[in-house]
Amino acid sequence: MSNGALENAARTIRDARCCFAFTGAGISVESGIPPFRGPQGLWSKYDPAKFEMNYFRRHPKESWELLVEIFYSRQVACRPNRAHRALAELEAAGRLVAVVTQNIDGLHQQAGNTTVLEYHGSTSRMQCMNCRRKFPTQGVRLDALPPKCPDCGGVLKPDIVFFSEGIPDDVHRDATTLARQADALIVVGTTGEVQPAGRIPWIAHHNGATVIEINTRESAYTYRATDIYLEGKAGRMLPMLAEAVLKTG
Ligand code: NAD
């Protein structure tokens with residue numbers, strides 16, 4: 001990456017009226033949570049069909065066993081990394097209005113970001129499939145699967161968006177509005193292949209925002225929606241970018 005590209009990206013963020021970040025699984029890789037795609041990706045080990053809503057309805061125990069193995073057992077030990085913290089610094093300095101994340105791991109909030117739109121929900125909450133009550137995950141025992149609602153005995157589902165499930169209306173509306181209003185966007189660690197989430201950067205691009213992208217490899221956006229491509233690990237590139245924004249900001 002040239003210094004010119006980094007400076008250009010930093011200037012774009014400094015000059016922006018409204019800048020937000022759009023993040024994917026890649027930002028949490030350095031925290032120890034693998035992405036879905038790519039050589040180390042979860043899809044090389046697990047069948048994506050098992051993350052379908054219909055599969056969960058029919059086989060909640062099997063689905064839960066996978067979810068615990070992939071997310072819940074890891075997340076106890078996972079902490080925000082330098083990339084998450086750099087986004088929190090940009091927000092604290094008034095340079096970032098929000099993070100729209102496809103991730104379900106809660107690491108942006110742990111790092112200190114206060115406006116986080118969780119496009120695919122969060123493992124930090126559960127919802128009863130029967131009475132629809134929501135619960136914080138903390139306090140729900142995962143030793144007998146599937147966990148059951150303490151009120152009605154219904155099966156609890158993680159409050160995440162499974163394949164073939166709709167995106168919560170309010171989150172979709174707020175993320176789309178933000179994408180229309182923004183004049184700068186930082187896209188981090190996402191293939192852009194999961195829809196409709198993947199459309200958010202395109203909406204920003206079509207509405208005139210400058211798109212800065214950080215990724216270890218080219219994505220659906222690179223050279224198409226992306227204006228400034230910073231190739232490298234998020235844990236290295238985002239702190240460098242935040243430092244360049246804040247040193248003269
Ligand atoms: P993905 O798995 O499709 O792709 C990961 C992307 O991250 C790739 O573009 C890859 O090149 C990039 N990447 C990998 N390591 C990186 C690093 N260190 N720095 C920067 N970039 C890096 O992820 P996706 O596009 O977010 O879509 C997958 C879906 O799966 C999303 O809906 C997401 O919610 C979900 N998911 C979430 C988590 C999590 O919450 N941490 C983990 C796996 C999958």
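Both counts, for ligands and for their atoms, begin at 1 and track the order of listing.
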With a 4.0 Å heavy-atom cut-off (strictly under), which part of E30 contacts ligand 1: side chain, backbone, both or neither?
side chain
Does any N or O atom in G189 lie less than 3.5 angstrom from one in ligand 1, N or O only?
yes
For atom 12 (C) of ligand 1, the closest protein heavy atom turns out to be N215 OD1, 3.1 Å
Determine the interplanar angle of the H84 and H108 rings, folded into 0 to 90°, and report it as parallel if under 30°, tilted if 30 to 60°, perpendicular if over 60°.
perpendicular
With a 6.0 Å cut-off (strictly less than), is the heavy-atom count around CG of D47, excluding the residue itself, greater than 12?
yes
I want to know if ligand 1 touches F71 in the polar sense, i.e. an N/O pair below 3.5 angstrom.
no
Looking just at side-chain N and O atoms, do T115 and E91 make a donor-acceptor pair shorter than 3.5 Å?
no
Top protein contact for atom 23 (O) of ligand 1, by heavy-atom distance
A25 CB, 3.4 Å
Distance filter under 4.0 Å to V29 heavy atoms, resulting ligand 1 atoms:
15 (N)
For G24, is at least one N or O under 3.5 Å away from an N or O on ligand 1?
no
Numbered atoms of ligand 1 (with element) below 4.0 Å of I33, judged on heavy atoms:
41 (N), 42 (C)
Number the atoms of ligand 1 from 1 as they appear, then name those within less than 4.0 Å of a heavy atom of P34, with their elements.
42 (C), 43 (C)
Which ligand 1 atoms are under 4.0 Å away from a heavy-atom of D105?
39 (C), 40 (O), 41 (N)
H120 heavy atoms within 4.0 Å reach ligand 1 at atoms 31 (C), 32 (O), 34 (O)
Any nitrogen or oxygen of F36 lying under 3.5 Å from a nitrogen or oxygen in ligand 1? Just yes or no.
yes
Would you mind running through ligand 1 and noting each atom that sits below 4.0 Å from a heavy atom of A234?
17 (C), 19 (N), 20 (C)
Which of the atoms in ligand 1, numbered in the order shown and given with their element, are less than 4.0 Å from a heavy-atom of S28?
41 (N)
min-distance protein heavy atom vs atom 16 (C) of ligand 1 -> G26 O, 3.5 Å
To which protein heavy atom is atom 25 (O) of ligand 1 closest, and what is the distance rounded to 0.1 Å?
T190 OG1, 2.7 Å
Compute the shortest N/O to N/O distance between S219 and ligand 1 and return yes if it is under 3.5 Å, no if not.
no
Identify, for atom 28 (C) of ligand 1, the protein heavy atom at the shortest distance, and state residue, atom and that distance.
R37 NH1, 3.4 Å
Parallel, tilted or perpendicular: which one describes the rings of F163 and F51, with boundaries at 30° and 60°?
perpendicular
Between OH of Y229 and CE of M237, what distance do you get to the nearest 0.5 Å?
9.5 Å
Atoms of ligand 1 close to R217 [distance to a heavy atom under 4.0 angstrom, numbered from 1]:
11 (O)
A student comparing L107, I214, T191 should find that the heavy atom closest to atom 8 (C) of ligand 1 comes from T191
For H120, the side-chain contact (heavy atoms from CB on, under 4.5 Å) test, sequence neighbours excluded, returns Q102, I104, V161, I167, V194, A197
Give a yes or no on this: more than 12 heavy atoms of other residues, nucleotides or ligands lie within 6.0 Å of atom CD of Q195.
yes
